[in-house]
Amino acid sequence: MSVLVGTVWPTTWLMGRTDEDDGAGIANVLALPVSGFSLVVGTVSLFVAWRSRLRTDELAVLVPAARDLLRAVVKGEAATLARLLGDTGRARPADVGFVAPEAAEVWWRDDGGSASGSLDDVAVYYRSLELGRLVVLGEPGAGKTVLALRLLLDLAADARATLDHTPTARVRVPVRLSLSSFTLPEQPCTPSVLHERLEAWITGQLSGAYGVQPSIARELVADGWVLPVLDGLDEIDPDHTPPQRAHRVLDALNQPTGDAPASIATGKSGCI
């Protein structure tokens, strides 16, 4: 109301200087208080809207984004799994072993879990791991991708059930990413710097493949809403050469992001 009070005197003064026969002039003078009031109301509304705008790190933004990402991942990867399974459309459980590989260049740390299992219970095995870190080994055509997809879809079902039960819950959305599209820097860099580049690459993949807004994608990755399922670790080194680039990626993945290294699942042929 102070705006109206403040415009009374100028309006009265202008009316006194306006000819009684000048209808347009009188109308313009009378419109001054209304215009000023509208301007201030509009400015206040913009200010309130700016102050109330949700930040990308708030649950009200991240939960719907995670749910949308989860829906898109399940739709795409279920179709991919159906194509890989061919005519039957049914994954036949394969006996697999969850054991430490025997290789001179591998340091193994037991992370809990059973010693053997099948395709049907790979998600059960993964949930039993203390750190949630898994590497899938096997020769070409052994079914690593099918195993990874089955793990991804089972974990996605868990996340969806959690959100259905508790709409504001924090979940991990499993997202399969092909490491063949990740470009390592030509110059050597520390594992921590390479880890930052990996996070930036994952953020770009979420935006490019799934249409997640870049700022929200960056927050989802940084805040642990994404469980990377990295495929093709064996494809980033030239054939018949030592897996030096793969070693660099593993060193980067082993960089702690909190109290422990980040949860992750990777797949490759053979041992590294």
Side-chain angles (χ1 to χ4, degrees), residues 57 62 66 69 73 77 98 100-101 103-113 126 129-138 144-145 147-149 151-152 155 170-210 212 214-272:
D57 61 348
L62 296 180
L69 176 61
V73 167
E77 298 295 30
F98 306 124
E105 296 183 70
V106 171
W107 288 268
W108 178 267
R109 181 174 57 193
D110 187 11
D111 194 22
Y126 182 81
L129 303 179
E130 296 174 9
L131 297 177
R133 298 171 65 80
L134 174 68
V135 176
V136 181
L137 303 174
K144 297 186 301 299
T145 299
L147 182 70
L149 286 171
L151 172 63
L152 181 150
L155 294 178
R170 292 176 58 93
V171 296
R172 301 292 303 277
V173 181
V175 181
R176 187 169 63 100
L177 305 164
S178 176
L179 278 171
S180 60
S181 64
F182 175 65
T183 303
L184 276 79
E186 294 298 329
Q187 299 297 326
C189 59
T190 63
S192 60
V193 171
L194 188 55
H195 183 90
E196 292 177 0
R197 290 191 58 144
L198 274 168
E199 284 201 343
W201 169 73
I202 294 173
T203 298
Q205 295 292 303
L206 295 184
S207 298
Y210 295 104
V212 182
S215 59
I216 295 178
R218 186 162 46 249
E219 193 64 38
L220 287 173
V221 173
D223 202 32
W225 290 75
V226 175
L227 171 63
V229 181
L230 303 179
D231 196 9
L233 187 61
D234 56 323
E235 298 175 6
I236 60 177
D237 284 292
D239 293 337
H240 311 298
T241 61
Q244 296 177 350
R245 297 167 69 85
H247 270 299
R248 291 175 61 191
V249 171
L250 287 179
D251 286 341
L253 294 176
N254 284 330
Q255 287 295 301
T257 56
D259 295 333
S263 300
I264 200 163
T266 62
K268 75 173 303 290
S269 300
C271 297
I272 56 174

### Query
Does Arg218 use its side chain to pair, donor to acceptor, with the backbone of Ala200 at less than 3.5 Å?
no

Between Tyr126 (side chain) and Gly132 (backbone), is there a donor-acceptor pair under 3.5 Å?
yes

Look up atom [atom1] in [X] and atom [atom2] in [Y], then write down how far apart they are to the nearest 0.5 Å.
X	Y	atom1	atom2	answer
Arg176	Leu149	CZ	CG	4.5 Å
Phe182	Leu198	CZ	CG	4.0 Å
Leu151	Leu227	CG	CG	7.5 Å
Ile216	Leu206	CD1	CG	11.5 Å
Ser180	Leu233	OG	CG	11.0 Å
Ile236	Leu179	CD1	CG	5.5 Å

Taking all non-hydrogen atoms of both residues into account, name the closest pair between [X] and [Y] and its distance.
X	Y	value
Ser207	Pro214	OG-CA, 3.5 Å
Leu194	Pro185	CD1-CD, 3.8 Å
Gln205	Leu177	CB-CD2, 3.6 Å

Quick one: does [X]'s side chain get under 4.5 Å of [Y]'s, heavy atoms only?
X	Y	result
Glu199	His195	yes
Cys189	Arg248	yes
Leu155	Val229	no
His247	Asp237	no

The side chain to side chain donor-acceptor pair (under 3.5 Å) partners of Thr190 (sequence neighbours excluded) come to Ser192

Hits for side chain to side chain donor-acceptor pair (under 3.5 Å) against Arg197, two or more places apart or cross-chain, chain-then-number order -> none

Applying ring-ring contact (aromatic ring centres under 6.0 Å, His included) to Trp225 and not counting sequence neighbours gives none

